[in-house]
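See below for the structure under consideration.
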There are 2 protein chains.
Amino acid sequence: MGQHKNKIDFEQLLQSHQLKRTNPRLRVLSMMSSRSSATSQPDLEAAMSDIDRVTLYRILAAFEEKGIIHKVFDLNGTANYAMCTADCNEGHHHDEHLHFSCTNCKNVYCLEELHLPAITVPEGFKTEGVTVYATGLCPKCSKRSAAK
Amino acid sequence: MGQHKNKIDFEQLLQSHQLKRTNPRLRVLSMMSSRSSATSQPDLEAAMSDIDRVTLYRILAAFEEKGIIHKVFDLNGTANYAMCTADCNEGHHHDEHLHFSCTNCKNVYCLEELHLPAITVPEGFKTEGVTVYATGLCPKCSKRSAAK
DNA sequence: TTAAGTGCAAAATCTTTGCAAATGT
DNA sequence: ACATTTGCAAAGATTTTGCACTTAA
């Protein structure tokens, strides 16, 4: 039962996915799991300028492929990545939760707590998964705009 | 009340948005409204290779800005554009409908008919709009895979 | 030791910008 | 005629690819 939640053992996480425990990977995992919103490649690049850009691309691709992180798009259309919970695995992702995109800071929050209502699609469509995107202001930005 | 539905008068549509009636624009409108799924820049580029790539970028940007089309991302993260219905206008889009992304052909369908269930977000978030993405097989692809 | 991962250089894409020529009103 | 819009050239940005060097197991 992959429970990559608080106090995650990153080394084990990598190991269990046949990925070597390297420094760049550990740092990426650490950054991603410490954040409440999803992380983009540019975010990573800015935060870890000593790691090669290409390496970051490859790490993200490998993690996504293995089901360690999943991709969501923010309002700019930039890919952002967030740690997967539970049942994501090699090639199969389940991010059937609410994604909240802040129109102000452009951050994307994965709100897993919420369960989604059932959706019915028209005849002919075969639904495999459903994701809900909400747009608006995240707590930080809504506080800020209320204050001032 | 912008009813850009069947038998649209594209010229009028452009005019009402203070856009000149040019050939590239009419062709883009024509292609987009003739399709059941959203259209990407690469789609347009392939279909109208005589129109400059840059012109297409600018047309899409202008249309989106004016609220004639709206943007959705497909499973590759590529922006796709679909005609807006009714109440989109200068800077404000309302695409609160179901977007269906086909995992096979990667097309995105805007299913406006469906009304979305209410979604509740956690304390602190201020929701402005909600969009639902479903993934799976579109009628065309599901038929195809069933047949053979 | 050796397969996997990283860094660097370079190619391939994709998107934006500036400006002169063309076009719509 | 005049303001837009287009096309082309070129700059910027983003993403991918190839390969030699390094590192975890």
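Because the structure is a prediction, the values reported are computed rather than measured.
A donor-acceptor pair under 3.5 Å is absent between the side-chain atoms of B:Thr131 and the main chain of A:Ala134, judged by distance alone.
Residue A:Ser101 is tested with A:Leu75, A:Asn76, A:Asn80 for a side-chain contact (heavy atoms from CB on, under 4.5 Å); the sole match is A:Leu75.
For an aromatic pair to be called close, the ring centres must be under 6.0 Å apart, and B:Phe125 with A:Tyr109 satisfies this.
Within the nucleic acid shown, B:Pro24 comes within 4.0 Å of sugar-phosphate atoms alone, with no base atom in reach, counting heavy atoms only.
The separation between B:Leu60 atom CG and D:dT5 atom P is 14 Å, rounded to whole Å. Rounded to whole Å, atom C1' of D:dT22 lies 14 Å from atom CZ of A:Arg25. Whole-Å rounding puts the B:Leu26 CG to C:dT23 P distance at 15 Å.
Position along DNA chain C of the nearest nucleotide to A:Leu19 versus B:Arg21 favours A:Leu19 as the more 5'-ward residue. Nucleotides of DNA chain D nearest to B:Lys20 and B:Arg58 differ in position, and the one nearer the 5' end is that of B:Lys20. When each of A:Asn23 and B:Asn23 is assigned the nucleotide of DNA chain C bearing its nearest heavy atom, the one mapping closer to the 5' terminus is A:Asn23.
Between B:His70 and B:His99, the ring planes are tilted. Angles from 30° to 60° get that label.
Taking every heavy atom of residues 47-54 of chain A and every atom of DNA chain D, pairs under 4.0 Å involve A:Arg53, A:Val54, by number.
Listed nucleotides D:dT6, C:dT6, C:dC14 differ in distance to B:Tyr57; the shortest reach to its side chain belongs to C:dC14.
OP1 or OP2 of D:dT5 has not a single side-chain nitrogen or oxygen of B:Thr22 nearer than 4.0 Å.
Remark: A:Tyr81 OH to A:Gln41 CD distance equals 8.0 Å, nearest 0.5 Å.
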